[in-house]
Amino acid sequence: MQSIYYQLINKMEIASKYNPSEVEEKWYKYWLENKFFHSEPDNREPYTIVIPPPNVTGVLHMGHMLNNTIQDILVRRARMMGKNACWVPGTDHASIATEAKVVAKLATEGIKKTDLTREQFLEHAWEWTHKHGGIILEQLKKLGASCDWDRTCFTMDEKRSESVYKVFVDLYNKDLIYRGVRMVNWDPQAKTALSDEEVNYKEQQGKLYYLRYKIVGENGCAVIATTRPETILGDTAVCINPNDPKNVQLKGKKVIVPLANREVPIIEDDYVDVEFGTGCLKVTPAHDVNDYMLGEKYNLEILDIFNDNGTLNQHGLQYAGMDRFAVRKQIEKDLEAAGLLEKVEAYTNKVGFSERTDVPIEPKLSMQWFLKMEQLAKPALDAVMNDDIQLHPPKFKNTYRHWMENIKDWCISRQLWWGHRIPAYFLPQGGFVVAATKEEAYQKALSTVNYPLSIEDLRQDEDCLDTWFSSWLWPISVFDGINEPENKDIQYYYPTNDLVTAPEIIFFWVARMIMAGYEYRHKPCFHNVYFNGIVRDKLGRKMSKSLGNSPDPIDLINEYGADGVRLGMLLTSPAGNDLPFDSELCVQGRNFSNKIWNAFRLVKGWEVADIAQPESSRLSIEWFDGLLSKTIEEINDLFDKYRLSEALMAVYKLFWDEFSSWYLEMVKPAYQQPIDKKTYEATLNFFDDLLRILHPFMPFITEELWQALAERKSEESIMVVSMPQAKTYKADFLSEVEKAKEIIGNIRTIRLQKNIPNKEVLGLEVLTVDDNSLNSVIIKMANLSGIAKVEEKSPGAVSFLVGTTEYAVPLGNNVNVEEELEKLNTELVYLQGFLKSVVAKLSNEKFVANAKPEIVDNERKKQADAESKIKTLQESIEALKI
RNA sequence: GGGCUGUUAGCUCAGUUGGUUUAGAGCAUCGCCUUGACAGGGCGGGGGUCGACGGUUCGAAUCCGCCACAGCCCACCA
């Protein structure tokens, strides 16, 4: 099959433009059929990446595109470097996001979540998941992702769920999980607690209300400033700063809460800012984090005035049942009417909003499950600080350390149904047991209670676990390393090698995975973390659905080809830097595809004959062979440093500038002339090597051309051949070629300036005794009749310097003396300026005394070179003047 | 408010313990070329007092101080 294709493409007129859509699907299918993506443990060194699981019902956006392109490059390269590469794909159940989508979908059908039982709701959720799930994985295939699809996981599939329950029970048994009343960020719309990380603070134009609290047994008032007058119904104290001279008269008194008419004490704490408002603070322990801390400290009563949906409860008195914001408006009027409102000022403050529902969050006391973090954080912090786990770029180390050193306990419960239900079972007469299954819980319960108990008496906690509580196990759970800690896969693939993710989730996910890794495998879960930037639009705005500024990656792939888009994403994307995306970048990627395609057309179009190899071709091959090795070394080094964009640029220049613009031109036979066999074969070998180096970046076009480059057996693929290795090369020879290129460049410039067509053959004189081994190449590339060694250049020759050697192109009457003089003078002025700066340096005694000897020697050499060049120039100028 | 980054050509970025011609790359821009791989091309050019000001040094884009601006993270004064 492959050979037929090979013959066809050889005979056929190849199209002048590369058509990606024709080839991409074909090769992806070919790779799948041959199971090239699949990995099983063997004797090779493993290379493992686990995908950051996208939301199960999500669709591919530009961020995924960038993230997965990088992973695919790393995986494909590792595979070609001889490693057993395994990239595990999967999806995340994304409890809040998915539940929100299902609720919204049900709402369009007129169904309220509260009308459904948990089981009914979950049926809808699973239906939704099956319908929309996995789309994103299919989209990943379009970009060429070489994931081991046989290993696809879902955070809520059987094994992953089992892992979650096991870990919960284990941590509970280790006394790291506890239940407690805490002030949480309550989302009254989603009716769930949110982590601090899920709250966005926004500036709001609000009001600052000054309220009068009558002093008990006196005529006076304490005036208190607040932004939230509705919370006075939950006030259980008023607090002043003990060092505040303004409020000494309040010490030890009691005041009456307006409207509620309750007496509350005045307490003293230096938490209160003397400068703010009146220096008096109302304390509402149930509805403000800081007030809660004061409440704990002074043992104040806690009065919760809200229902879960943000309306007021019975403590809200006459306002019971009203929404919190309606109450704020009403209470302002009522206070005013009662003469208890001193004044109202405009005030700008920051209010927390739910990341998911965009509703103002309500600090609320609530019974939640927590995971103690201090003990878990310790090894995770050390691992990053001592580089057992390296962050790329390393600037994130500081951020990481700061968070880990100030870590707070993780609230792991969420008031949702879609997710892993907390495996805690309440007993009929109080207390609870924690166990992975209801049966185990029952057994455990029987041994703790001394009353008759049936399994139906157990009531499982209604809440779910935070989504991250399953994803923090991901590098372990995808290999089933929690359930079967000794299994072959986990032993072989763990620790994974690289993690590629966005810096936004360094705490949500990365830090927690590291903790889980040490807790459950006593090893790092990966060795390197590569943070890709955030994809922004041209104006620097984050791409988002609401702004509508995000292109659909699939559209881009259709327009520019997957390889083109991959290149576009990576071209200006150093690790950790945001990527201002512009489809122009994909144009550059597509143009490069086309360049490769056309280079292939050229080479494949050559007629091969049994003729002698020209000297220039022999030299060109020697040169490119060396350059290839040198560049491979550079690329390897860049990959070691995770500088992927720079590695890509090195390959890009190697192919475009060095191979296409120089090498191919050097060996190209004259029009309709054949090429010698030796040169042809060397060129095909170079092409083969270049395609291999390019493959991780551009998998499709490289496969297409590699298959067509030579006759291939079936089941062969570029993706499983080895990456070219650097050989030793002669650096001197490479720099000699650079000099030859400079000579050629100078002659080209002369042609351009004198309007001499490339077809016209020129002569070249060189004023030196040294031989240049590359004359044959120069003659060919510059279209020269020959190179003559002379002691004095011809009259009417245009000269130039390369290094300290002077070259001259005789042009007869063609020389414009004025122009020539001006050009030479410009160069002379530059060199004299340069010489002056060098001489100044060298005549500075302190420089000569203090600088390293090699630096001084180098300056002397610069001086000699400049002097020699100046002399040559002056001679040329004199000669022209005659 | 606290902390961490950063500021180099129109744009995106390199610049490796201070010295390698008077700062580089890709893209963009400009000029010229153009039947023989490729106009999605070739060749050539222009463009930066390295954010500002001080300091250390024989020598600073590079080290130190201060300032300005930007981005991110943390906190969240009622």
Side-chain angles (χ1 to χ4, degrees), chain A residues 14 16-18 196 199 201 208 224-228 231 239 271-273 275-277 280-284 288-291 347 349-352 393 395-403 406 503-504 506-507 534 538 540 571-574 576-580 582 584-585 587-588 590-606 641 643 645-646 648-650 652-653 656 660-661 664-665 668 670-672 745 748-749 751-753 755 757-758 830-831 833-838 841 844-852 854-856 858-859 861-863 865-866 869:
Chain A
I14 310 170
S16 74
K17 284 172 191 170
Y18 170 60
D196 290 346
V199 177
Y201 286 88
L208 191 59
I224 296 171
T226 178
T227 54
R228 299 200 60 192
T231 61
C239 189
Y271 161 75
V272 176
D273 182 350
E275 300 302 318
F276 190 91
C280 278
L281 173 73
K282 66 192 229 26
V283 184
T284 322
D288 182 280
V289 182
N290 296 301
D291 292 9
Y347 185 71
N349 69 337
K350 284 185 175 174
V351 178
K395 66 176 178 186
F396 289 108
K397 264 172 97 166
N398 276 327
T399 321
Y400 181 85
R401 192 192 59 215
H402 192 255
W403 193 73
N406 297 289
E504 304 159 291
I506 183 166
F507 307 127
I534 297 165
K538 259 195 280 194
L571 273 166
T572 58
S573 182
N577 279 31
D578 284 2
L579 165 64
D582 184 341
E584 277 301 304
L585 293 165
V587 172
Q588 198 183 343
R590 181 194 57 190
N591 291 354
F592 188 46
S593 303
N594 222 33
K595 185 74 190 176
I596 300 168
W597 181 259
N598 277 295
F600 179 81
R601 273 178 74 210
L602 172 70
V603 172
K604 272 302 187 177
W606 286 336
K641 294 174 179 155
R643 302 172 78 145
S645 290
E646 285 177 62
L648 171 61
M649 191 43 69
Y652 179 90
K653 286 195 266 191
W656 199 308
S660 298
S661 298
L664 288 180
E665 294 298 330
K668 191 171 166 180
Y671 183 53
Q672 291 193 329
R748 282 173 175 169
T749 309
R751 284 182 185 276
L752 198 66
Q753 283 166 349
N755 231 330
N758 292 327
Y830 169 83
L831 276 170
F834 174 65
L835 179 64
K836 206 174 146 192
S837 77
V838 175
K841 230 185 228 184
N844 182 335
E845 280 170 37
K846 286 181 179 171
F847 170 71
V848 181
N850 294 327
K852 284 184 215 147
E854 59 267 31
I855 301 293
V856 179
N858 193 44
E859 289 303 312
K861 190 171 167 293
K862 282 194 216 166
Q863 183 188 10
D865 278 7
K869 283 179 182 179

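In what follows, chains are A, B, ... by sequence order, proteins preceding strands, each numbered from 1. The basis for the numbers below is simple: all heavy atoms, side chains too, and nothing from hydrogens, waters or symmetry mates. Small disclaimer: the values here were computed from a predicted structure and weren't measured.
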Would you mind classifying the nucleic acid contact of [X] as base, sugar-phosphate or nothing, using non-hydrogen atoms under 4.0 angstrom?
| X | answer |
| --- | --- |
| Asp865(A) | nothing |
| Arg643(A) | sugar-phosphate |
| Pro393(A) | nothing |
| Val272(A) | base |
| Lys869(A) | base |
| Asn844(A) | sugar-phosphate |
| Trp656(A) | sugar-phosphate |
| Asp273(A) | base |
| Gly352(A) | nothing |
| Ser660(A) | base |
| Tyr347(A) | sugar-phosphate |
| Asp578(A) | sugar-phosphate |

Nearest of [options] to any side-chain atom of [X]?
| X | options | result |
| --- | --- | --- |
| Asn290(A) | C74(B), C76(B), G40(B) | C76(B) |
| Lys17(A) | C58(B), G40(B), G42(B) | G40(B) |
| Asp288(A) | C58(B), A37(B), C77(B) | C77(B) |
| Thr227(A) | A78(B), G26(B), G40(B) | A78(B) |
| Phe276(A) | A78(B), U12(B), G40(B) | A78(B) |
| Tyr652(A) | A37(B), G40(B), G26(B) | G26(B) |
| Leu602(A) | A37(B), C38(B), U20(B) | A37(B) |
| Lys653(A) | A37(B), A25(B), G41(B) | A25(B) |
| Gln588(A) | A37(B), C27(B), C58(B) | C27(B) |
| Ala851(A) | G19(B), A78(B), C38(B) | G19(B) |

- Item | N/O donor-acceptor pair, side chain Lys395(A) with base C4(B), under 3.5 angstrom |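 No.
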- Task: Kindly indicate whether the side chain of Glu665(A) and the base of A37(B) share any N or O donor-acceptor pair separated by less than 3.5 Å?
- Result: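 Checked by distance alone, the answer is yes.
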Whole angstrom value for the distance that separates [atom2] of [N] from [atom1] of [X]:
| X | N | atom1 | atom2 | answer |
| --- | --- | --- | --- | --- |
| Asn850(A) | A60(B) | CG | C1' | 16 Å |
| Ile224(A) | A78(B) | CD1 | C1' | 10 Å |
| Leu648(A) | C13(B) | CG | C1' | 13 Å |
| Lys604(A) | A37(B) | NZ | C1' | 14 Å |
| Phe396(A) | C72(B) | CZ | P | 12 Å |
| Gln863(A) | U20(B) | CD | P | 17 Å |
| Glu854(A) | G18(B) | CD | P | 14 Å |
| Gln672(A) | A37(B) | CD | P | 10 Å |

With a 3.5 Å limit on both atom pairs, tell me what [N] is paired to, counting Watson-Crick and G-U wobble, or say none.
| N | result |
| --- | --- |
| G26(B) | C11(B) |
| G71(B) | C4(B) |
| C43(B) | G31(B) |
| A60(B) | none |
| C66(B) | none |

- Minimum heavy-atom separation for Lys17(A) to Asn594(A), with atom names?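 Here Lys17(A) and Asn594(A) meet closest at CA-OD1, 3.5 Å.
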- Task: Identify the heavy atoms of Asp578(A) and Pro580(A) that sit nearest to each other, and give their distance.
- Result: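 Nearest pair, atom of Asp578(A) first, then Pro580(A): O-CD, 3.5 Å.
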- Query: Should Asn598(A) be listed as having a side-chain N or O under 4.0 Å from OP1 or OP2 of G40(B)?
  - Reply: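 Checking G40(B) against Asn598(A), no side-chain N or O comes under 4.0 Å of OP1 or OP2.
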- Parallel, tilted or perpendicular: which describes the rings of Phe507(A) and Trp403(A), with under 30° parallel and over 60° perpendicular?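 Aromatic pair Phe507(A)/Trp403(A) classed parallel.
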- Task: Would you please classify the geometry between the Phe592(A) ring and the Tyr652(A) ring as parallel, tilted or perpendicular, with 30° and 60° separating the classes?
- Result: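 Plane angle between 30° and 60°, so tilted.
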- Query: Got a sec, which residues hit side chain to side chain donor-acceptor pair (under 3.5 Å) with Lys836(A), two or more places apart in sequence or on another chain?
  - Reply: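 If we apply the side chain to side chain donor-acceptor pair (under 3.5 Å) test to Lys836(A), skipping adjacent residues, there are no hits.
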- Task: Output, in order, the C-alpha distance, side-chain angles, deciding distance and verdict of salt bridge (charged side-chain N to carboxylate O under 4.0 Å, His left out) for Lys861(A) and Asp865(A).
- Result: CA-CA 6 Å; Lys861(A) 190 171 167 293; Asp865(A) 278 7; 3.7 Å; yes
- Note on the structure: With B for base contact, S for sugar-phosphate-only contact and - for none (protein heavy atoms under 4.0 Å), nucleotides 43-49 of chain B reads BS-----
